[in-house]
Amino acid sequence: MMIRIRSRDGLERVSIDNPNITISQFKTLIQNQLQIPIHNQTLSTNQNLLLAKSPPDLLQFTDMSNPSTLLSSLNISHGSIIFLAYEGHRTIAGPAVHPAGSFGRKMTMDDLIAKQMRVGRQENPHCDSVSFDRDCANAFQHYVNETLAFAVKRGGFMYGTVSEEGKVEVNFIYELPQQGTEEILMLLRDSDEEKIVDAIAAGLGMRRVGFIFNQTIMHDKKDYTLSNREVLQAAELHAESELKEWVTAVVKLEVNEDGGADVHFEAFQMSDMCIRLFKEGWFETEIGEDVDPKLSIMKKDVVVGSKDVKEVDNDFFLVVIKILDHLGPLSTTFPIENRITQVTMRALRSHLDRAKNLPFVKRISDFHLLLFLAKFLDLNSDVPALAECVLTQTAVPEGYQLLIESMANTS
């Protein structure tokens, strides 16, 4: 039986001959196979263990603290992932030493650059946490789950705010034109539409803060967090943003203890080294069918541990972020752009009718409705004026109200 261990060093495997062993015996196997002393190990089935910053934080994770508990009683079986935190450092065995310098092979400039490209686990993200507006997060996962049945990939840009302490709040998700398959998410970006989205966001006091996508149901059978294609796409969008707190969020379906399926959100930052390697063109962007998806391929050797390698475990590029939720200032009840069903004037009419008891500014406090209206309004004057009304929750000028209602009545 093989159990996967996720620690700050990435994903590793521990082999078990007898599935009916205790936690104490399992820790001995980890000590023997991964060179981590038993007394330094804290184990849990909860991934938040990897966010623990201090020894008191580790004490909160008690599900695997009893040494006599059987692994099988915790529903741990072949292929399960267990999270491991440990004190201290360890050396991962490297290859034979190649002589260099005046007594052996001369170091080339490429060798020297590769020595500087040391890929390791980044402990601390630039982003302290990411909080999702419940309605916008639910609207995204509901579509992926109910309409697409997690059969194909779907993505969107997250917009919101970044505090001085690095706390990111996501208040709406813009779903750009795209084509998704089981493995690939092709973004068919529309620069004109993105200009409108950015103008609405600026008027609302917000900006683009990250990218969210779902993994398909087939991913549950795979043993990686992000595939090499997903790492490339995430790194490209993070690098483009120039925002150090940029968040990459993943929505996935996971089988629970009862055999049912739960929707999970996970959030990461791509590490500083990942973004540097991407910007400097180290990633091999043509990915062959035979390449293991959990490995990113470099064009030249980089140093991982003490090894010179061209293949890097994707987990080295991920920095976990804690996820919170909140109720943001916008509603998410208007039909969302670029989905299977096209948004029409009839949708505007039924939306305004549904909310007719609310003040008009409340009825239009929905990013997706503002985006729909913006296509018929002036980007430089009308869009900022409406967005400011929504931001400050002040009365919408009568001229705009009449214009919007007359648009709705043309359906």
Side-chain angles (χ1 to χ4, degrees), residues 2 4-14 33-36 47 50 81 83-84 86 89-98 107-126 183-185 211 213 215 219 222-240 244 246-250 266-321:
M2 181 274 290
R4 293 175 287 171
I5 303 290
R6 187 184 299 286
S7 71
R8 68 191 190 213
D9 303 317
L11 199 63
E12 297 172 276
R13 292 165 181 73
V14 170
Q33 294 180 35
L34 303 184
Q35 288 75 53
I36 299 171
Q47 68 176 18
L50 300 185
I81 294 184
F83 298 91
L84 162 68
Y86 69 90
H89 299 278
R90 63 176 172 142
T91 303
I92 299 163
V97 175
H98 298 292
M107 296 284 274
T108 66
M109 190 54 74
D110 278 353
D111 292 334
L112 289 168
I113 291 169
K115 293 291 176 215
Q116 294 171 352
M117 288 302 188
R118 185 171 292 279
V119 178
R121 171 72 59 173
Q122 183 176 321
E123 295 293 335
N124 299 312
H126 297 290
E183 298 286 344
I184 296 171
L185 178 58
F211 182 64
F213 67 94
Q215 290 172 329
H219 182 269
K222 313 273 174 72
D223 68 342
Y224 53 83
T225 312
L226 295 194
S227 73
N228 42 28
R229 291 181 195 280
E230 290 165 345
V231 165
L232 265 178
Q233 190 165 50
E236 180 180 6
L237 296 171
H238 186 147
E240 176 193 306
K244 73 176 190 297
W246 181 269
V247 175
T248 298
V250 184
E266 292 182 355
F268 307 96
Q269 282 205 284
M270 309 313 288
S271 70
D272 296 344
M273 180 53 80
C274 174
I275 300 306
R276 181 181 168 190
L277 288 168
F278 179 82
K279 284 183 169 178
E280 295 182 14
W282 285 62
F283 277 89
E284 191 63 72
T285 52
E286 297 297 320
I287 298 170
E289 292 297 314
D290 55 337
V291 174
D292 186 336
K294 72 170 178 286
L295 300 173
S296 288
I297 312 301
M298 301 291 120
K299 291 176 181 172
K300 293 180 284 192
D301 280 351
V302 295
V303 181
V304 178
S306 55
K307 297 180 185 175
D308 290 354
V309 296
K310 280 199 173 75
E311 297 179 341
V312 180
D313 188 316
N314 299 332
D315 281 359
F316 277 111
F317 296 135
L318 304 179
V319 190
V320 179
I321 309 170

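Computed from a predicted model, the values in this text were never measured in an experiment.
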Completion exercise
When rounded to the nearest 0.5 Å, the distance separating CG of Leu277 from NZ of Lys299 is 11.5 Å
Exercise for the section: Find the distance between CD1 (Ile275) and CE (Met270) and round it off to the nearest 0.5 Å. Expected result: 6.5 Å
Handout entry: Minimum-distance pair of heavy atoms, taken over all atoms of Gly305 and Arg118
Key = O-NH1, 3.1 Å
Exercise for the section: Check Ile184, Leu185, Thr248 against Gln233 for a side chain to side chain contact (heavy atoms under 4.5 Å, CB included) and give me the one that passes. Expected result: Leu185
Completion exercise
One should read off an interatomic distance between Ile5 CD1 and Ile36 CD1, to the nearest 0.5 angstrom, of 8.5 Å
Problem - Rounded distance [0.5 Å steps], OH in Tyr224 versus CD in Glu230 - result: 6.0 Å
For residues 286-297, please give each side-chain donor-acceptor pair under 3.5 Å, one per line with the distance, not counting sequence neighbours.
| from | atom 1 | to | atom 2 | distance (Å) |
| --- | --- | --- | --- | --- |
| Asp292 | OD1 | Lys294 | N | 3.0 |
| Asp292 | OD2 | Lys294 | NZ | 2.9 |
| Ser296 | OG | Asn314 | OD1 | 2.7 |

Practice task
Taking the side chain as every heavy atom from C-beta outward, state whether Val231 and Phe278 have any pair of such atoms under 4.5 Å apart.
Solution key: no
Handout entry: Sequence-distant partners of Glu311, side chain to side chain donor-acceptor pair (under 3.5 Å), two or more places apart
Key = none
Handout entry: Side-chain heavy atoms of Phe213 within contact of Leu226, under 4.5 Å
Key = yes
Exercise for the section: Would you kindly check if the NZ (Lys) or CZ (Arg) of Arg8 is within the cone defined by 45 degrees around the ring axis of Tyr86 and under 6.0 Å from the six-membered ring centre? Expected result: yes
Exercise for the section: Please name all residues satisfying salt bridge (charged side-chain N to carboxylate O under 4.0 Å, His left out) with Glu236, sequence neighbours left out, ordered by chain then number. Expected result: none
Problem - Results of ring pair (Phe, Tyr, Trp, His ring centres under 6.0 Å) for Phe317 - residues two or more places apart only - result: Phe283
Problem - CA sep, side-chain torsions, deciding dist, call: Arg276, Met117, side chain to side chain contact (heavy atoms under 4.5 Å, CB included) - result: CA-CA 9 Å; Arg276 181 181 168 190; Met117 288 302 188; 3.4 Å; yes
Exercise for the section: Kindly write out the residues that satisfy side-chain contact (heavy atoms from CB on, under 4.5 Å) with Ala267, not counting sequence neighbours, or none if the list is empty. Expected result: Val130, Val247, Ile321, Ile323
Practice task
Output, in order, the C-alpha distance, side-chain angles, deciding distance and verdict of side chain to side chain contact (heavy atoms under 4.5 Å, CB included) for Asp308 and Val303.
Solution key: CA-CA 5 Å; Asp308 290 354; Val303 181; 3.6 Å; yes
Problem - Any residue meeting salt bridge (charged side-chain N to carboxylate O under 4.0 Å, His left out) with Lys279, in chain and number order, not counting sequence neighbours - result: Glu242
Fill in the blank from the handout: Across all chains, not counting sequence neighbours, the side chain to side chain donor-acceptor pair (under 3.5 Å) partners of Arg121 are none
Problem - Separation between CZ of Phe83 and CZ of Arg4, rounded to the nearest 0.5 Å - result: 9.5 Å
Practice task
Kindly write out the residues that satisfy side-chain contact (heavy atoms from CB on, under 4.5 Å) with Val320, not counting sequence neighbours, or none if the list is empty.
Solution key: Leu51, Phe268
Practice task
Please say whether more than 12 non-hydrogen atoms of neighbouring residues, nucleotides or ligands are located less than 6.0 Å from NZ in Lys244.
Solution key: no
Problem - Distance-only donor-acceptor check, side chains Gln122 and Gln269, under 3.5 Å - result: no
Practice task
Start with the C-alpha gap between His126 and Asp272, add the side-chain angles, then the distance that decides, and say whether side chain to side chain contact (heavy atoms under 4.5 Å, CB included) holds.
Solution key: CA-CA 9 Å; His126 297 290; Asp272 296 344; 2.8 Å; yes
Exercise for the section: Report the residues that fulfil salt bridge (charged side-chain N to carboxylate O under 4.0 Å, His left out) with Lys310, sequence neighbours left out, ordered by chain and then residue number. Expected result: Asp301
Exercise for the section: Applying side chain to side chain donor-acceptor pair (under 3.5 Å), name anything that partners Gln47, two or more places apart in sequence or on another chain. Expected result: none
Problem - Which residues share a side chain to side chain donor-acceptor pair (under 3.5 Å) with Arg6, sequence neighbours left out - result: Thr225, Asp315
